[in-house]
Enquirer: 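One structure follows; several queries about it will come next.
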Amino acid sequence: MYVLLQLGWWGYLIIREDLPGNRTAMVIGEGLVFAAILIFAFVKLQQGLSREINLVRKEKNFMLAVSHELKTPIAAIKLSLDALKRNDLPLQKQTTLLHHSSSEIRRLQSLTDNILLASQLDQIETTKTTQVIPFSEILLEECKRFQIINGRDITMNIISDVHIRADSEMMRALFSNLLDNAIKYSSPESSIQVSLTSESHQCQLRIADEGIGIADSEKTKIFERFYRSNDEITRSAHGTGIGLYIVKSICQLHHFKIKVENNLPQGSIFIIQFAV
Ligand code: ADP
């Protein structure tokens with residue numbers, strides 16, 4: 001680029017040989033081009049570096065979050081199993097410890113599933129699936145599963161018989177990440193609404209919570225890999241910042257549109273639209 005600009009400038013000066021002060025103009029012109037290129041390169045380098053630094057920082061936070069998310073349930077399961085080894089434990093206590101352990105195991109399983117899926121999604125460009133799956137049924141199953149496991153009130157308004165061409169495991173991951181967040185970022189007494197509606201071959205899935213909500217400035221960032229909001233509530237909730245990255249990648253692979261809006265008076269609504 002520099003060589004081309006220089007050639008152009010010199011060519012112009014040679015043609016206009018008659019102009020006085022050609023040498024000074026040549027030096028000034030070349031100096032200006034050189035300075036412009038230097039500034040441009042510096043800005044680009046600076047942008048690249050800050051992108052890299054940002055990514056390294058996010059990856060470091062992710063590794064810290066993952067090790068915390070792995071260590072905590074393992075320690076809890078170990079404690080429960082140690083306690084269960086005692087013979088004098090009342091039956092009620094034994095049942096509680098078993099329930100607690102199985103919920104920690106579920107947490108470990110969903111974390112490892114998410115990590116594996118995120119690394120697979122990085123390499124997939126299109127879904128190979130030709131399978132038609134019962135979308136409404138899978139959504140209903142996931143909602144009921146979350147309701148039972150978490151003891152939360154989930155209001156379901158799901159039209160039946162929506163069948164689409166999609167990967168069923170990915171659909172389960174999509175629903176479970178959105179439901180998990182709706183539960184995690186809202187108080188246990190609040191309700192969650194899930195609706196699936198259809199109008200002229202366009203379906204709309206809405207998962208609404210009455211939780212802490214998402215600031216407008218964060219609405220696009222939350223879909224980035226490893227991104228976690230910096231506020232106190234998010235940091236104290238368990239998580240690694242890959243859930244919504246997975247959700248967005250699955251939506252892209254299936255040509256779904258996804259957006260997030262404010263729920264009124266409080267909370268968030270994740271909206272997914274697709275054609276049937
Ligand atoms: P994680 O929940 O593990 O932090 P996610 O990728 O699922 O990671 O979400 C990224 C961030 O988006 C969260 O850290 C949180 O700040 C925000 N977020 C996601 N879902 C919700 C929700 N339903 N309500 C409020 N904030 C949310």
Side-chain angles (χ1 to χ4, degrees), residues 54-55 57-73 104 106-122 139 142-143 146-147 149-150 152-156 170-195 205-253 256 258-272:
N54 222 353
L55 193 68
R57 187 179 49 78
K58 280 202 222 157
E59 275 179 8
K60 200 172 144 207
N61 287 346
F62 170 72
M63 288 314 293
L64 284 174
V66 168
S67 53
H68 174 77
E69 292 292 306
L70 287 173
K71 273 186 192 160
T72 317
E104 294 296 341
R106 259 196 310 274
R107 196 171 135 189
L108 274 178
Q109 194 176 15
S110 91
L111 172 69
T112 47
D113 285 351
N114 256 4
I115 293 174
L116 285 176
L117 185 57
S119 69
Q120 281 166 9
L121 284 169
D122 283 344
L139 175 62
E142 283 302 304
C143 289
F146 270 79
Q147 200 165 26
I149 293 172
N150 298 283
R152 286 291 294 268
D153 176 22
I154 302 183
T155 312
M156 293 166 241
M170 285 194 199
M171 289 305 114
R172 281 188 198 281
L174 176 87
F175 304 147
S176 64
N177 275 298
L178 290 176
L179 287 167
D180 189 44
N181 282 347
I183 288 169
K184 230 167 37 177
Y185 299 115
S186 63
S187 66
E189 314 77 48
S190 66
S191 113
I192 291 161
Q193 293 93 36
V194 177
S195 73
L205 165 66
R206 292 163 71 91
I207 298 186
D209 65 61
E210 297 164 359
I212 58 170
I214 300 165
D216 286 345
S217 58
E218 305 228 303
K219 284 196 171 82
T220 49
K221 291 188 200 157
I222 54 171
F223 293 101
E224 288 169 14
R225 190 161 44 163
F226 309 139
Y227 184 83
R228 299 202 79 205
S229 167
N230 224 4
D231 67 53
E232 199 51 48
I233 305 173
T234 303
R235 264 183 286 136
S236 58
H238 65 87
T240 52
I242 54 171
L244 288 182
Y245 168 74
I246 289 176
V247 166
K248 192 194 74 181
S249 306
I250 293 175
C251 285
Q252 278 171 347
L253 282 174
F256 295 174
I258 181 162
K259 59 181 175 180
V260 59
E261 288 180 358
N262 295 334
N263 196 8
L264 294 174
Q266 73 176 77
S268 325
I269 314 177
F270 283 83
I271 302 170
I272 293 178

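Start at 1 and go down the list; that is how both ligands and their atoms are numbered. On a predicted model such as this, the values are computed, not experimentally measured, just so you know.
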Enquirer: Among the heavy atoms of Phe223, does any lie under 4.0 Å from an atom of ligand 1?
Expert: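 It does not; every heavy atom stays at 4.0 Å or beyond.
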Enquirer: For ligand 1, which atoms sit closer than 4.0 Å to a heavy atom of Ile222?
Expert: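 Those of ligand 1 that fall under 4.0 Å from Ile222 are 10 (C), 11 (C), 12 (O), 17 (C).
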Enquirer: Between Val247 and ligand 1, which residue portion shows a heavy-atom distance shorter than 4.0 Å: side chain, backbone, both, or neither?
Expert: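 Neither part.
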Enquirer: Taking only residues at least two apart or on different chains, which pairs with a member in residues 113-122 satisfy side chain to side chain donor-acceptor pair (under 3.5 Å)?
Expert: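 Residue pairs passing side chain to side chain donor-acceptor pair (under 3.5 Å), neighbours aside: Asn114-Asn177, Asp122-Arg225, Asp122-Tyr245.
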Enquirer: Closer than 4.0 Å to some heavy atom of Tyr227 - which atoms of ligand 1 meet that?
Expert: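 Selected atoms, number and element: 10 (C), 11 (C).
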Enquirer: Identify the two heavy atoms, one from Gly239 and one from Lys184, that lie closest to each other, and give their separation to 0.1 Å.
Expert: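 For Gly239 versus Lys184, the nearest heavy atoms are CA-NZ, 3.9 Å.
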Enquirer: Kindly list each side-chain donor-acceptor pair under 3.5 angstrom involving residues 58-65, sequence neighbours excluded, with atom names and distances?
Expert:
unit_1: Lys58; atom_1: NZ; unit_2: Glu224; atom_2: OE1; d: 2.9

Enquirer: Judged by atom type as modelled, is there a donor-acceptor pair below 3.5 Å linking the side chain of Arg152 to the main-chain atoms of Ile183?
Expert: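 The answer is yes, because a donor-acceptor pair under 3.5 Å joins these two groups.
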Enquirer: Please report whether ligand 1 has a polar contact with Asn181, defined as an N or O pair separated by less than 3.5 Å (distance criterion only).
Expert: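 Checking ligand 1 against Asn181, an N or O pair does fall under 3.5 Å apart.
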Enquirer: Of all the atoms in ligand 1, which lie at a distance below 4.0 Å from a heavy atom belonging to Ser229?
Expert: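 Checking each atom against Ser229, I get 14 (O), 16 (O).
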Enquirer: May I ask you to identify, for Leu244, whether its side chain, its backbone, both or neither come under 4.0 Å of ligand 1 on a heavy-atom basis?
Expert: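 The part of Leu244 near ligand 1 is both the backbone and the side chain.
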Enquirer: Please report whether ligand 1 has a polar contact with His238, defined as an N or O pair separated by less than 3.5 Å (distance criterion only).
Expert: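 The answer is no, given that His238 and ligand 1 share no N or O pair closer than 3.5 Å.
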Enquirer: Please check: side-chain N/O of Asp209 versus main-chain N/O of Ser268, any donor-acceptor pairing under 3.5 Å?
Expert: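 Yes, Asp209 side chain to Ser268 backbone: donor-acceptor pair under 3.5 Å.
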Enquirer: Work out whether the distance between some heavy atom of Ile212 and some atom of ligand 1 is less than 4.0 Å.
Expert: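 Judged by the 4.0 Å heavy-atom criterion, Ile212 does count as contacting ligand 1.
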Enquirer: Do side-chain atoms of Asn263 reach the backbone of Ile269 as a donor and acceptor pair under 3.5 angstrom?
Expert: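 Such a contact is absent between Asn263 side chain and Ile269 backbone.
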Enquirer: Lys184: heavy atom below 4.0 Å from ligand 1, yes or no?
Expert: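 Contact present.
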Enquirer: Going by heavy atoms, is Gly241 under 4.0 Å from ligand 1?
Expert: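 Checking ligand 1 against Gly241, which is what was asked, there is a heavy-atom contact under 4.0 Å.
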Enquirer: Once rounded to the nearest 0.5 Å, what's the spacing between atom CD of Gln193 and atom CD1 of Ile207?
Expert: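 Gln193 atom CD to Ile207 atom CD1 measures 11.0 Å (nearest 0.5 Å).
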Enquirer: N/O to N/O below 3.5 Å, does that happen between Asp209 and ligand 1?
Expert: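 Yes - when backbone and side-chain N and O of Asp209 are compared with those of ligand 1, one distance drops under 3.5 Å.
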Enquirer: Picking from Ile214, Asn181, Val247, what satisfies side-chain contact (heavy atoms from CB on, under 4.5 Å) with Ile222?
Expert: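 For Ile222, the side-chain contact (heavy atoms from CB on, under 4.5 Å) check succeeds only for Ile214.
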Enquirer: Tell me the closest heavy-atom pair linking Met171 and Ile250, and the distance in Å.
Expert: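 The pair with the smallest heavy-atom distance is CE-CG2, 3.9 Å.
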Enquirer: Please identify which atoms of ligand 1 are closer than 4.0 Å to at least one heavy atom of Gly239.
Expert: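 Heavy-atom distances to Gly239 below 4.0 Å select 3 (O).
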Enquirer: Give yes if a backbone or side-chain nitrogen or oxygen of Gly243 is under 3.5 Å from a nitrogen or oxygen of ligand 1, and no if not.
Expert: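 N/O-N/O distance below 3.5 Å exists for this pair.
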